[in-house]
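Read through the structure below, which is laid out as structure tokens, and then see the notes.
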Amino acid sequence: MKNVEESKIEQLYTWLDEAAEKMGEELDLSYLELLPLAGRILFDQEIPEEYSETIRNYLSDKLTSISLEDYKREEVRKGIQLAILKGMKGSTQQQHMITPDSVAIFMGYILEKVMDTKKTIRIFDPVAGTGNLLTAVVNQIDKDVEAYGSDVDQTLLQLALMNANLQHTEIEFFHQDSLRSFLLEPVDYVIADLPVGYYPDDVQASEFELKAESGHSYSHHLLMEQSLNYMNEGGYGLFLIPNFLFEGDQSAQLHAFLQKHVHVVGVLQLPDSMFKNEQFGKSIFIVQKKGESTEAPKEALIAKLPSFSNPNSMNEMVEKINNWFLEYTSSK
């Protein structure tokens, strides 16, 4: 027998899925473009006048079958995630990816470890995508949070907005190239699942320290630099990086940049079992922006995480990580 949370997640997924499919009978839009429209109807409890009577009647009946007031934020997030994953199946666009739940939750756990005593924190995801990582992390923080997200992809940003609205989570989103200037005051924390590849705008890239000496610059390098540009001194960045980040043609330049601007707090390699091929493996890279009162840890936290589905090994690893952070925070 399924537990209540699972059935509620499935209920929300089914609602969004069926509403989007029905609207798709008359609207010439992709499933991922229809989802935010369905989410908006659920959030506003109103159906646009321009829809046909058939669709209006269908959606009107559906609105009586669900109440978001009965849902916890995480149930809403997971229900939306199922619908987005359906829409992304077979998608050829590399940027249409979603950060796995286990990783998003683990990043939230790490963020709590480095958090200071401030009552309100400011957090930013410069590559917010569908908002899954950002909302998953915000949901774990037991403080007032001012959250910000940016993405250049309009469809993904519409999905992120739906994600935030249906969870009743206030997030300010920017629809722009995240390597251009923001109207954003510095934040305390940056989280990002960095897209790996080349940045095509060489003119814009030339404004960064990490610009390539020749040819295109790496977008994942530039995004780390941009994150530090909008981070307070002593703030932390949690980046999901490819395992090969510190190898290759521009790695010496990256090493020099990091040595100049951050303290490397840790590198946590994700389980191999999460990736079809080890060359696609990723790690959580934890850095602190240097400031007058900051110090590097005596020794960085370096570990390879066991499979998230192995509770015994995972509990042992969490205990080691907890002990490391106890020592790290007490020495500050």
Side-chain angles (χ1 to χ4, degrees), residues 32-33 36 93-99 107 121-135 137-138 145-164 169-242 245 249-251 253-254 256-258 260-262 285 287-291:
L32 286 178
E33 290 169 318
Q93 295 194 56
Q94 197 179 3
Q95 73 268 33
H96 284 189
M97 301 295 281
I98 201 163
T99 308
M107 286 178 80
I121 65 158
R122 292 167 56 80
I123 185 170
F124 176 45
D125 184 345
V127 280
T130 65
N132 188 59
L133 173 60
L134 185 54
T135 56
V137 168
V138 168
V145 180
E146 293 173 6
Y148 304 88
S150 172
D151 208 280
V152 72
D153 187 305
Q154 187 170 1
T155 301
L156 297 185
L157 209 63
Q158 291 292 339
L159 291 164
L161 191 62
M162 171 184 76
N163 223 332
T169 300
E170 196 171 314
I171 299 176
E172 185 177 334
F173 287 107
F174 301 88
H175 177 214
Q176 68 168 72
D177 175 351
S178 293
L179 292 172
R180 297 186 178 275
S181 297
F182 285 97
L183 284 168
L184 176 66
E185 292 294 313
V187 299
D188 306 303
Y189 307 99
V190 174
I191 55 168
D193 184 347
L194 295 175
V196 177
Y198 289 107
Y199 181 57
D201 188 340
D202 294 336
V203 175
Q204 184 63 22
S206 68
E207 297 183 13
F208 290 83
E209 279 184 58
L210 284 171
K211 62 181 180 289
E213 288 171 15
S214 63
H216 289 326
S217 306
Y218 285 129
S219 56
H220 44 295
H221 289 191
L222 302 182
L223 281 162
M224 276 200 281
E225 181 175 341
Q226 182 76 321
S227 297
L228 293 174
N229 290 339
Y230 288 91
M231 193 189 294
N232 288 315
E233 284 189 0
Y236 287 86
L238 270 68
F239 303 107
L240 206 55
I241 60 165
L245 183 73
D249 56 329
Q250 295 176 33
S251 58
Q253 190 183 0
L254 178 63
F257 173 85
L258 292 171
K260 179 180 173 185
H261 294 287
V262 304
F285 185 42
V287 299
Q288 182 184 31
K289 184 174 178 177
K290 286 184 176 178

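Numbers here are sequence positions counted from 1. For clarity, every value in this text was computed on a predicted model and none was experimentally measured. What's counted below: heavy atoms across the whole structure, side chains too, no hydrogens, waters or symmetry copies.
A donor-acceptor pair under 3.5 Å links the side-chain atoms of Gln204 to the main chain of Leu179, judged by distance alone.
Around the CD atom of Glu209, the shell of radius 6.0 Å holds more than 12 heavy atoms that belong to other residues, nucleotides or ligands.
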Contacts table for residues 192-200: side-chain donor-acceptor under 3.5 angstrom, sequence neighbours left out:
unit_1: Asp193; atom_1: OD1; unit_2: Lys282; atom_2: NZ; d: 3.2
unit_1: Asp193; atom_1: OD2; unit_2: Thr99; atom_2: OG1; d: 2.8
unit_1: Tyr199; atom_1: OH; unit_2: Asp177; atom_2: OD2; d: 2.5

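Here the closest heavy-atom approach between residue Ala160 and residue Gly131 is recorded as CB-N, 3.7 Å. The shortest non-hydrogen separation linking Ala147 to Val138 is CB-CG2, 4.2 Å. Minimum interatomic distance between Val187 and Ile123 (heavy atoms only, all atoms of both residues): CB-N, 4.3 Å. Heavy atoms only, all atoms of each residue included: Pro186 and Arg122 are closest at O-NE, 3.0 Å. Annotation for Met231 and Val190: closest pair CE-CG2, 3.8 Å, computed over non-hydrogen atoms. Considering every non-hydrogen atom in both Gln176 and Ser150, the closest pair reads O-OG, 3.6 Å.
A tilted orientation is assigned to the rings of Phe257 and His261, their planes being inclined by 30° to 60°.
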Criterion side-chain contact (heavy atoms from CB on, under 4.5 Å) on Leu254 and Met224, from CA distance to verdict: CA-CA 10 Å; Leu254 178 63; Met224 276 200 281; 4.0 Å; yes
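Rounding to the nearest 0.5 angstrom, the gap separating the CG atom in Asp153 from the CD atom in Gln158 is 10.0 Å. Here Leu159 contributes atom CG and Asn132 contributes atom CG; the two are 11.0 Å apart, rounded to the nearest 0.5 Å. Taken to the nearest 0.5 Å, the CD atom of Gln226 stands 11.5 Å off from the CG atom of Leu210. One finds the CG atom of Leu223 at 11.5 Å from the OG atom of Ser217 (value rounded to the nearest 0.5 Å). Rounding to the nearest 0.5 angstrom, the gap separating the OG atom in Ser181 from the CZ atom in Phe174 is 11.5 Å. Distance check, rounded to the nearest 0.5 Å: CD of Glu185 to CG of Asn232 gives 9.0 Å.
Phe239 places none of its side-chain heavy atoms less than 4.5 Å from the side chain of Val127. Contact annotation: the side chain of Leu245 approaches that of His221 to within less than 4.5 Å [non-hydrogen atoms, C-beta and beyond]. In this structure the side chain of Leu161 never reaches within 4.5 angstrom of the side chain of Pro36, judged on heavy atoms. With a 4.5 Å cut-off on side-chain heavy atoms, Arg180 and Asp201 count as touching.
Under the rule for a side chain to side chain contact (heavy atoms under 4.5 Å, CB included), the partners of Leu157 that lie at least two apart in sequence or sit in another chain are Asp151, Phe173, His175.
Between Phe124 and the choices Tyr236, Tyr189, Tyr148, Phe182, the ring-ring contact (aromatic ring centres under 6.0 Å, His included) rule is met once, by Phe182.
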